[in-house]
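Take a look at the structure below.
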Amino acid sequence: MSLIQPRTLKGFRDYLPAAMIPRERLMETARETFRSFGFAPIDTPTLEHLEILTGKGSEETDRQLYQFVDAGKRPVGMRFDLTVPLARFAAQHINELGTPFKRYHIAPVWRGENPQAGRYREFYQCDFDTIGTESVLADIEAVTVIDSLIRAIGIDAFTISINNRAILNGLLESLGLADKATPILRSLDKLAKIGLEATNAEMVNAAGITSEQADQVLGLAQCDGTAEQVFAKLPGILGDNEKANEGAARLREIYDGAIASGVSPDRIKIDVSIARGLDYYTGVIFETTLDELPGIGSICSGGRYDNLAGLYTKQHLPGIGASLGLDRLLSALETLERLSSNSKPCPVFIPFFDKDHRDDYLRLATNLRKAGIGTEVYPEPRKLKAQLKYADGHGFQYALIAGGNEWERGEVQVKVLAEKTSEDIAYQHDAPEKLIERLTTS
RNA sequence: GUGGUUGUAGUUCAGUUGGUUAGAACGUCGGAUUGUGAUUCCGAAGGUCGAGGGUUCGAGUCCCUUCAGCCACCCCA
């Protein structure tokens, strides 16, 4: 009989303990941060009716959607992001939940695109959103959450770029180009990457506008520099278009509010040329890049979408939120060599040293766990040498060695693995205090 | 989805203009006086050379197809 080759699908990956431990730690950090702002957890199904998912982002996102017909002949799709399922969820449950509704959602999503460094076909997103309020306070809070989150993860060098779609839409409106907004904005998004001339050409090409019109849109590109400089230049470019100017004023308010709530000004960049591809954004939009690794792309993006739930309900449900790309961030941390290599979930290792004392090892471990000290007992009575090698290779802090002699004396040898030192500490099953004390004070 | 590039033991790689039983290092496992781990010494296991087909007397080495990784485009976390 021939063996089946063990393999995973393209863009899908296994996670070994060394990768999974920092991954779980990141999720815990995200959970704690979201909760500290009052966001509550939800979950939604992996699969949705296909009609729920299609036509929400762009043609591109529809193309990347994993879809098939289930055994009951229903067209179904795997969720592409967590925002569209949230919109459906909100339309369905908002009456029980009330507004404003703040939730976070940490779960995998699927996109059928070609993988690359930091891009996979299955990856986790950590989303947080506030539904049911148009208040600028929610916008400000979103920026603050992103800042808190990235800092809690232990990253200091990052930049949150902020813009307001209303500025772009207002400008396009006054130029009479509103109906071509999508291709124009998509081209504009490439400005930082391909430069002014190429972007102009791209707009002419993709949106079918004249080079002069493209130049007018690209006037925005001159709006660079510090936040103050950008806000000073904006009115001259936006003219008297009401929508655009209101958008600029709101952007200013968000910026000031974020600074007031403690976000460092040098971490926020007002960038009126970012547009974001997803069509459902209507207000403020943001993306977050790592200063040390900008090439990997945005690790946390989002924005305000005032119409999304309107596809599923007549109730007006505006929302704002953002998404942390967990796997992309991990990939970045890995290339920056910022991941700890410790792959063990607990600090204490007990070798199965003397067969006659098997139950003593188990009891010892139980006593330590009761005291909150994670403990692993080796399952086989192999040579001590081999067991210590295992302990050493797996990042344990302590090995507790106890053979006949130690048990007789009422002691346990505590070996500090990293320092290669050891000392005998008094221990008996009904008097574990001394040992526990030794293990909890480093 | 398009284009480029790579694919040899668990890992990182060597493998001359195609020529006999495919190598190394690290890792793994075993041993070096019967109870002590990153060093040393000895030994062993582990590869249908990503997969399939073709050219050839003969292919890891050439050609085609396919799968996967990486990079670019597209898009995006």
Side-chain angles (χ1 to χ4, degrees), chain A residues 2-13 16 26 30 57-65 80-83 106-127 146 182-183 185-187 189-190 193-194 198 202 206 274-279 286-290 295-302 322-332 335 349 351-357 378 381-396 398-407 413-422 424:
Chain A
S2 68
L3 293 171
I4 297 164
Q5 188 192 357
R7 55 184 187 148
T8 56
L9 283 166
K10 178 184 187 143
F12 289 72
R13 304 167 303 155
L16 274 56
L26 227 56
S58 60
E59 287 175 33
E60 182 63 24
T61 62
D62 283 359
R63 211 186 70 199
Q64 293 182 2
L65 203 64
F80 168 93
D81 65 6
L82 299 178
T83 305
I106 300 176
V109 302
W110 294 269
R111 297 184 189 179
E113 64 175 339
N114 269 344
Q116 240 174 75
R119 310 177 66 153
Y120 312 100
R121 290 188 166 178
E122 175 183 64
F123 59 95
Y124 267 70
Q125 292 195 323
C126 308
D127 268 40
I146 294 175
T182 301
L185 293 184
R186 194 158 292 158
S187 304
D189 230 7
K190 294 178 194 165
K193 202 169 187 178
I194 64 178
E202 170 105 11
I274 64 167
R276 314 243 357 105
L278 269 51
D279 293 349
F286 22 68
E287 35 190 70
T288 311
T289 49
L290 300 176
I296 201 160
S298 174
I299 51 145
C300 187
S301 312
S323 177
L324 175 76
L326 186 78
D327 291 294
R328 175 173 289 184
L329 179 57
L330 275 167
S331 160
T335 56
F349 176 75
F352 189 175
F353 181 30
D354 185 337
K355 275 186 238 179
D356 297 336
H357 288 278
Y378 199 78
R382 293 176 66 195
K383 284 191 170 181
L384 191 55
K385 177 177 172 166
Q387 298 192 48
L388 286 173
K389 199 170 177 189
Y390 169 87
D392 186 49
H394 288 75
F396 286 95
Y398 303 104
L400 304 188
I401 298 170
N405 301 340
E406 282 81 359
W407 288 115
Q413 185 189 138
V414 177
K415 187 183 272 287
V416 183
L417 288 161
E419 293 165 21
K420 307 181 81 164
T421 59
S422 55
D424 292 336

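All of these numbers come straight from a predicted model, not from anything done at the bench. Values below: all heavy atoms of this structure, side chains included; hydrogens, waters and symmetry mates excluded. Chain identifiers are assigned alphabetically (A, B, ...) following the order of the sequence lines, protein sequences preceding nucleic acid strands; residue numbering begins at 1 within each chain.
- The CZ atom of R186(A) sits 6 Å away from the P atom of rC75(B) (whole-angstrom rounding).
- The base of rC75(B) lies outside donor-acceptor range of the side chain of R111(A), with no N or O pair under 3.5 Å.
- Side chain of L388(A), nearest nucleotide from rG35(B), rC29(B), rG37(B): rG37(B).
- For the pair K10(A) NZ and rA68(B) P, the interatomic distance rounds to 5 Å; values are reported in whole Å.
- Residues I106(A) and L82(A) are not in side-chain contact: their nearest non-hydrogen atoms beyond the backbone lie 4.5 Å or more apart.
- rA24(B) is paired with rU12(B) under the criterion used here, namely a Watson-Crick or G-U wobble arrangement in which both key atom distances are under 3.5 Å.
- F349(A) has its side chain out of reach of L400(A): every pair of non-hydrogen atoms, C-beta onward, lies at least 4.5 Å apart.
- rG31(B) sits 43 Å from rA68(B) when the P atoms are compared, rounded to a whole Å.
- Interface remark: the Q387(A) side chain does not form any donor-acceptor pair with the rU36(B) base, using a distance-only criterion of under 3.5 Å.
- No side-chain heavy atom of T289(A) sits under 4.5 Å from any side-chain heavy atom of I299(A).
- Comparing rG30(B) with rA45(B), their P atoms sit 15 Å apart, to the nearest whole Å.
- Remark: the backbone N or O of R382(A) is paired with a side-chain donor or acceptor of Q387(A) at under 3.5 angstrom.
- Considering F353(A), Y390(A), F352(A), F396(A) in turn, Y390(A) is the only one that fulfils the ring pair (Phe, Tyr, Trp, His ring centres under 6.0 Å) rule with Y378(A).
- Contact annotation: Q64(A) side-chain N/O to rC75(B) OP1/OP2 distance is not under 4.0 Å.
- Comparing rC26(B) with rA38(B), their C1' atoms are spaced 14 Å from each other, to the whole Å.
- Residue-to-nucleotide contacts include a donor-acceptor pair under 3.5 Å from the side chain of R119(A) to the base of rC75(B).
- When Watson-Crick and G-U wobble pairs are counted only if both distances are under 3.5 Å, rA72(B) pairs with rU2(B).
- Remark: rU55(B) base-pairs with no nucleotide in the shown strands. Criterion, Watson-Crick or G-U wobble with two distances under 3.5 Å.
- Residues D81(A) and S323(A) are not in side-chain contact: their nearest non-hydrogen atoms beyond the backbone lie 4.5 Å or more apart.
- Contacts of Y120(A) with the nucleic acid, taken as non-hydrogen atoms under 4.0 Å apart, include base atoms.
- If R121(A) and F12(A) are placed on RNA chain B by their nearest nucleotide, the residue sitting closer to the 5' end is F12(A).
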Steps toward side-chain contact (heavy atoms from CB on, under 4.5 Å) verdict (I296(A), S331(A)):
CA-CA 9 Å; I296(A) 201 160; S331(A) 160; 3.7 Å; yes
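- For L384(A) and rU34(B), the CG to P distance is 12 Å, given to the nearest whole Å.
- The side chain of Q413(A) approaches rU36(B) more closely than any other nucleotide in the set rG37(B), rU36(B), rG1(B).
- rU61(B): no Watson-Crick or G-U partner with both key distances under 3.5 Å is found in any strand.
- Among the protein residues, A418(A) comes within range of the nucleic acid bases, having at least one heavy atom under 4.0 Å from a base atom.
- Applying the salt bridge (Lys or Arg N to Asp or Glu O under 4.0 Å) test between E113(A) and each of K10(A), R63(A), R121(A), R119(A) identifies R119(A) as the sole match.
- D354(A) comes within contact range of no nucleotide atom at all, as no heavy-atom separation falls under 4.0 Å.
- The interatomic distance linking Q116(A) (CD) with rG3(B) (C1') rounds to 12 Å, in whole Å.
- Regarding D424(A), its CG atom lies at a distance of 13 Å from the C1' atom of rG35(B), rounded to whole Å.
- Nucleotides rU61(B) and rU6(B) have their P atoms positioned 14 Å apart, rounded to a whole Å.
- Each of L9(A) and S298(A) was assigned the nucleotide of RNA chain B with the nearest heavy atom; the assignment lying further toward the 5' end belongs to L9(A).
- Using Watson-Crick or G-U wobble geometry with both donor-acceptor distances under 3.5 Å, rU66(B) finds its partner in rG50(B).
- Atom CD of E113(A) and atom C1' of rC73(B) are 12 Å apart (whole Å).
- Among the protein residues, E122(A) comes within range of no part of the nucleic acid, since none of its heavy atoms lies under 4.0 Å from any strand.
- Separation of the P atoms belonging to rA51(B) and rU11(B) is 14 Å when rounded to the nearest angstrom.
- Residue-level contact check: G302(A) touches neither bases nor backbone, having no heavy atom under 4.0 Å from any strand.
- Counting any heavy atom pair closer than 4.0 Å across all strands shown, Q125(A) reaches sugar-phosphate atoms only and no base atom.
- Within 4.0 Å of Y390(A), counting heavy atoms only, lies no atom of the nucleic acid at all.
- At the heavy-atom level, K383(A) lies under 4.0 Å from the strands shown only through sugar-phosphate atoms.
- Closest approach to the K415(A) side chain among rU36(B), rA38(B), rG69(B) is made by rU36(B) (side chain taken as heavy atoms from C-beta onward).
- With both ends at atom C1', the span from rU39(B) to rA72(B) equals 47 Å, rounded to whole Å.
- Among the atoms of the strands shown, base atoms are found under 4.0 Å from some heavy atom of G118(A).
- Across all strands shown, rU34(B) remains unpaired; no Watson-Crick or G-U wobble contact has both distances below 3.5 Å.
- For the OP1/OP2 pair of rG31(B) and a distance below 4.0 Å, the side-chain nitrogens and oxygens of K385(A) include no atom meeting the criterion.
- For the pair L16(A) CG and rU11(B) P, the computed distance is 11 Å after rounding to whole Å.
- The shortest distance between the side-chain N/O atoms of K389(A) and the OP1/OP2 oxygens of rU28(B) is below 4.0 Å.
- Atoms CD1 (I401(A)) and C1' (rG37(B)) sit 9 Å apart, rounded to a whole Å.
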